[in-house]
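One structure is given here, and the rest of the page talks about it.
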Amino acid sequence: MLPRWVCALLLWLPLAVVAQPAVVIDDEHFSRRLTTEVAYLEDPAGTLSIEQVIEPGQQDRFQSFQGDTLQFGYSHSAYWLRVLLHNQIRRSVNIHMEIRYPLLDSVTFFSRDEHGVIHSALAGDRLPLAERDFRVKDFHFPLLLERDQRQWVYVRVQSTSSLSIPLHISTDAGMVESLHSLQWWDGLYFGVAFAMAIYNLSLLLLIRERIYAEYVVFVLLQIGFIASLSGYISVLVPDSQWFINHGVYLFSSAIAVSLTQFTRTFLRTREQFPRWDRVYQGFMVLAALAVVVETRLSPEDAARLNVLVVQVGILLLLPLGIYRYFTGYRPARYFVLGQGVFLSSVMFTTLSSQNILPFYYLAPWLIKIGSVCELMLFSIGLADRISEYKERENKLVRAQEIAQAQSTARETYIDEINQINQRLEQAIHTRSEFLANMSHEIRTPMNGILGMLELIDDTDLDSVQRHYIDIARRSGKTLLDLINDVLDLSKIESGKLELDEQPFSLRALSSDLASLYGHQLRDKKLGFDLRIDRAVPDFIIGDRTRLWQVLTNLISNAIKFTLRGGVQIRIAMINGEQRRLRFSVHDTGIGIAKDKQEVIFESFKQADGTTTRLFGGTGLGLSISRKLVQLMGGELLLHSDPGRGSEFYFELPCRIAAAPEQHDDDDSAALDIPRDIRILLVEDNVVNQKVAQGILAKLGFAQVTVAENGMDALAKLQEAPFDLVFMDVQMPVVDGFEATQRIRQSGTAFAGIPIVAMTANALDGDRERCLAAGMNDYLSKPIQKEALREMLQRYGKFLHSPTRLVSGS
C-alpha cells in the first residue's frame, strides 16, 4: 500500500506524462457526454486497486478512446476510466459525474481532496439502492472544483452485461436541464404506453373480445421491460435486489409468451394455420418454462437463456405475419410494421453493444421509440380489425336488405314454401312414427322366431339338426342386425355407426357361409369354391356381424347375377408393413360395364333399369357394404368385365386373437339368485309370452305369472306379491309407460318393485323414455338369453335379502 502523500503526488503528475485533453468547464449550464476526453485501462483479472492504477507504470498503459461511445461490448474484464476536469468558471462549482446506464454490475468513482485524501463512491445494480452512496437509479458522483482547479477522476467499471458507459459531466444547472429533458422523454414514453393500455382496456369492456385483454397484458409487460432497462425498477422496488438483477430478463421472456398468444389471435392461426398454431403453443410452453428457470439462474445465465428465447420468437412470429400480409389479410401489415420497427431497434442495440455498429448511446432512445411504435401500430391493427368487421357487417346488412326486398316481391312463393315445409315436417314426423311402429312390429315376430330357435336348441337334436338350427339362429340375428341398419340408415349415412369388435373364428364364419348358401347354389347348379390360405389365422378380432353382413351381401349378389359357372370365395393373408386379410368374392356372372362400376355403390342404384326387373333387389346392399368396409379400415373395390363375371374384394387389418376358453353350458349354474322368486311378465303377444317363459325356465325360474296388458298387471300386483316385473311397452288398454307410472305413484307396498322394460322399441331414445317413465332397466327384443341372464344377475343382490322385494319391501 503506497503512502497517502505518494498517491497525492501521483495524482498531480504533470500532464506531459500522458497527453490527455482536459474537460474544460467554462459555462454555468455545462453538460456533456464524454468520449475522446476519456482514457481507459483494461484490467483482465479485475484485481487492480486505485493505488496500483495511479502508479506511473500503470499510467503509461492508459489508452485514448477513439469513437462516439464508451462501449467495450461483453467482457469479463474490469475497466478503469480516467478523466481530467478543469474549472475555468470564475468561482468554485459543483460538478456531477453520471453513468446513465443502470444495468452495470459494479461502478466505483475515485477522486482526492486538497489534503490528498482519496474519496470513493460505490454504485452498480448489484448494490441495493439503500446501500449506494447516492440513492438514484443512475450512477452518480458529485465533487467540488475550485476556481481554475484541475482534478483527475478515476472510474472503475465491471459488468456481465454489455459494457456501455455513457459518462456525463454536468454543473448543477446543466444537470437539472439534462435530467428535465430525460424525464420528459421517459414520461412521454410511459404516458403513451399507459394510454394504449387504458384505451384498449376500455375497448375490452365494450367489445368483450379476448384479443384486447391479450394486448393489454402485452403492453404492461412491455412497460415493465422498459422500466427495468431504464433502471426505474430499482426505484420502485429498492428492497428487492434479486428482482432488480433479474427483472429485465423475466419481463423479456414473459413478453415472448404474451406476444405469441397475441399473434395467434391476431393472425387467426388456429383457424388458418392449425399446424403452425400447435408450434406456437409449444413455444409458449417453452418460453413460460424459461421464465421459471430464469428465476433460479444467475443474471449472466438468465441473460443467455433470454437471448435464445427472443431469437426463436423472432424466427417464428415475423415470417408468418409477412406471409399473412402478402396473402391479403389487411391487418397483418400493422403487425409486420410494428414488429419490424421494434426488432430494428433491438437489432441496432445488439449490434452496437458489440461495437459492430456505432452510436450506441442512441440505443436507449431507439428501444423506447421502437416499443412505442410497436404498441401504436398493434393498436391501429386492432382498430383495423374492427373496421374489417364493420365492413363485413355492412355487407351483411346490405345483403339482408336485398334479400328483404326480394322476399317482399316473393311473398306468395314464401307462403308456398312454408306450406311445403309444414308438409315435410309432417312427413318427417310420420316417418319417425312409422319407423318406431315398424321397429316394434318387426322385432315382435323376430323375438318369437329367435326365441323358439333358442328353445328348440335345448331339445334332443342330432348334430345335423343342431347345426341347421345354429345357422338359422345366426342368420336370424344377422337379419335383425340388417333391420336395425335399415331402421337407422341415417346413422350409417352420417358415419356414426360403431363397430363391436370381439374375437371370433374366421373359419367358423366361412363354414357358416358355405352352409347358408349351399342349398341355394345346388338349386341353381352353380359351383362353389371356398379357399382359406394356411397363413390365415383362425381367431381374429373384429366385428363378426358387420363382416358377415358384407360377405352375405357380396355372395348373395354373386349367386343372383350368375346363371352358369360358379362362385369362388378366397381369404388370403397379405404380409407387408402391416398384416392385412384380403377377402374376395368372384363370380362368372353377367359382369358390369366400366361406366357403371361406381354407380352401383350409390344407394338405391343398380347398373341399369332392367337389372331390377330381371333379378330384383333394392340397390342398397353394396352401398352399405362399402361404408361398412371403410368403417372397418378397408376399401371395397370391383374388377369386372361384361359377360365374364365380377370380383369384389377388400382388405382389412389383421388382428390375431387367442382361441376363447370353453364355458360350461349349464344355464342356471352361474346365476347366484334364489330360484323361487316370483316374476310378473307383462306381455300381450302370445308367442313372446312363450319365448320369455321358456328362456326363464331354462335359467331355472318357474314361478312366472303372465299379464296381457298394463291394467291386468296392476290387478295381479294387488292380488299377490312379486319380486320382479318384466314390462312390455306397446300394449292395448294400458301400455307399459302408463302402467309403470301408476305403479310408482300408487303409494302401495309394491310401488318400489324393480321393473325392467322388455320391448321391441329399439330406436335412439327408447331406453331413455323407459327410464324416465320410472322403469329400472331396459331389454330390447329379440330377447337374448345371455342378456336376460345378466339382467337377473344385476338384481341378485336385492333378491338375496330376507324379505327380498316382496310387496315392495
Side-chain angles (χ1 to χ4, degrees), residues 196-197 199-222 252-291 308-347 370-371 373-400 403 494-496:
M196 291 292 100
Y199 170 70
N200 284 276
L201 184 60
S202 63
L203 290 178
L204 170 65
L205 298 177
L206 290 173
I207 302 177
R208 299 188 181 278
E209 267 200 71
R210 187 183 65 184
I211 190 171
Y212 291 98
E214 295 170 356
Y215 175 83
V216 171
V217 172
F218 172 69
V219 173
L220 295 178
L221 291 174
Q222 193 82 285
S252 180
S253 296
I255 285 173
V257 180
S258 174
L259 180 59
T260 304
Q261 177 58 39
F262 176 80
T263 302
R264 292 177 60 214
T265 307
F266 189 86
L267 299 181
R268 300 175 182 172
T269 57
R270 182 178 298 176
E271 301 84 5
Q272 302 293 330
F273 307 96
R275 292 184 179 178
W276 269 107
D277 188 71
R278 287 192 289 271
V279 174
Y280 285 169
Q281 292 180 26
F283 173 70
M284 288 176 62
V285 173
L286 294 177
L289 290 175
V291 175
L308 178 62
V309 171
V310 171
Q311 289 176 344
V312 174
I314 293 172
L315 294 176
L316 287 177
L317 302 182
L318 187 58
L320 184 61
I322 296 173
Y323 176 78
R324 289 286 278 152
Y325 169 69
F326 281 108
T327 54
Y329 182 53
R330 191 178 68 189
R333 58 185 174 180
Y334 299 104
F335 177 85
V336 173
L337 188 58
Q339 277 274 281
V341 172
F342 183 70
L343 292 178
S344 298
S345 65
V346 172
M347 189 175 299
S371 175
C373 290
E374 181 183 45
L375 298 181
M376 295 181 68
L377 287 168
F378 281 4
S379 183
I380 294 172
L382 291 176
D384 192 44
R385 289 175 83 249
I386 296 177
S387 300
E388 190 179 57
Y389 290 153
K390 287 183 176 178
E391 290 177 5
R392 292 181 181 177
E393 184 178 356
N394 291 335
K395 290 180 180 178
L396 180 61
V397 169
R398 287 195 296 270
Q400 290 175 345
S494 62
K496 296 180 181 179

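Small disclaimer: the values here were computed from a predicted structure and weren't measured.
Ring planes of Trp276 and Tyr280: tilted class, angle from 30 to 60°. Taking the six-membered ring for Trp and thresholds of 30 and 60 degrees, Phe218 and Phe378 have ring planes inclined between 30 and 60 degrees apart.
Nearest heavy-atom pair across Val291 and Ala254 is CG2-N, 3.7 Å. Here the closest heavy-atom approach between residue Leu317 and residue Gln339 is recorded as CB-OE1, 4.3 Å. When all heavy atoms are compared, the tightest approach of Leu320 to Thr269 is CD2-CG2, 3.5 Å. Minimum interatomic distance between Tyr325 and Ala332 (heavy atoms only, all atoms of both residues): N-CB, 3.6 Å. Counting all heavy atoms, side chain and backbone alike, Gly370 lies closest to Val341 at CA-CG1, 3.9 Å. Of all heavy-atom pairs between Ala197 and Val216, the closest is O-CG2, 3.6 Å.
Proximity of Cys373 to Phe342: side-chain heavy atoms (C-beta onward) are nowhere separated by under 4.5 Å. Contact check for Ile211 versus Glu214: side-chain heavy atoms found under the 4.5 Å cut-off. Counting only heavy atoms from C-beta outward, the side chains of Tyr329 and Arg268 approach each other to under 4.5 Å. Under the 4.5 Å side-chain criterion, counting only non-hydrogen atoms from C-beta, Leu382 is not in contact with Tyr334. Residues Leu267 and Gln272 fail the side-chain proximity criterion, which asks for heavy atoms closer than 4.5 Å.
To the nearest 0.5 Å, the span separating CD on Gln222 from CG on Leu375 amounts to 5.5 Å. A distance of 5.0 Å separates OH in Tyr215 from CG in Asn200, rounded to the nearest 0.5 Å. Interatomic distance, CG of Leu316 versus CD of Gln311, reported as 12.0 Å (0.5 Å rounding). Atom-to-atom distance recorded for Tyr199:OH and Leu204:CG is 12.5 Å, nearest 0.5 angstrom. In this structure, CD in Glu271 is found 8.5 Å from OG1 in Thr265, a value given to the nearest 0.5 Å. In this structure, OG in Ser379 is found 11.5 Å from CG in Asp384, a value given to the nearest 0.5 Å.
Checked by atom type and distance alone, the side chain of Thr327 pairs as donor or acceptor with a backbone atom of Tyr323 at under 3.5 Å. Using modelled atom types, no side-chain atom of Asp277 and backbone atom of Phe273 make a donor-acceptor pair closer than 3.5 Å.
At most 12 heavy atoms of other shown residues, nucleotides or ligands fall within 6.0 angstrom of atom CE in Met376.
A donor atom on one side chain and an acceptor atom on the other are not found under 3.5 Å apart for Arg278 and Gln281.
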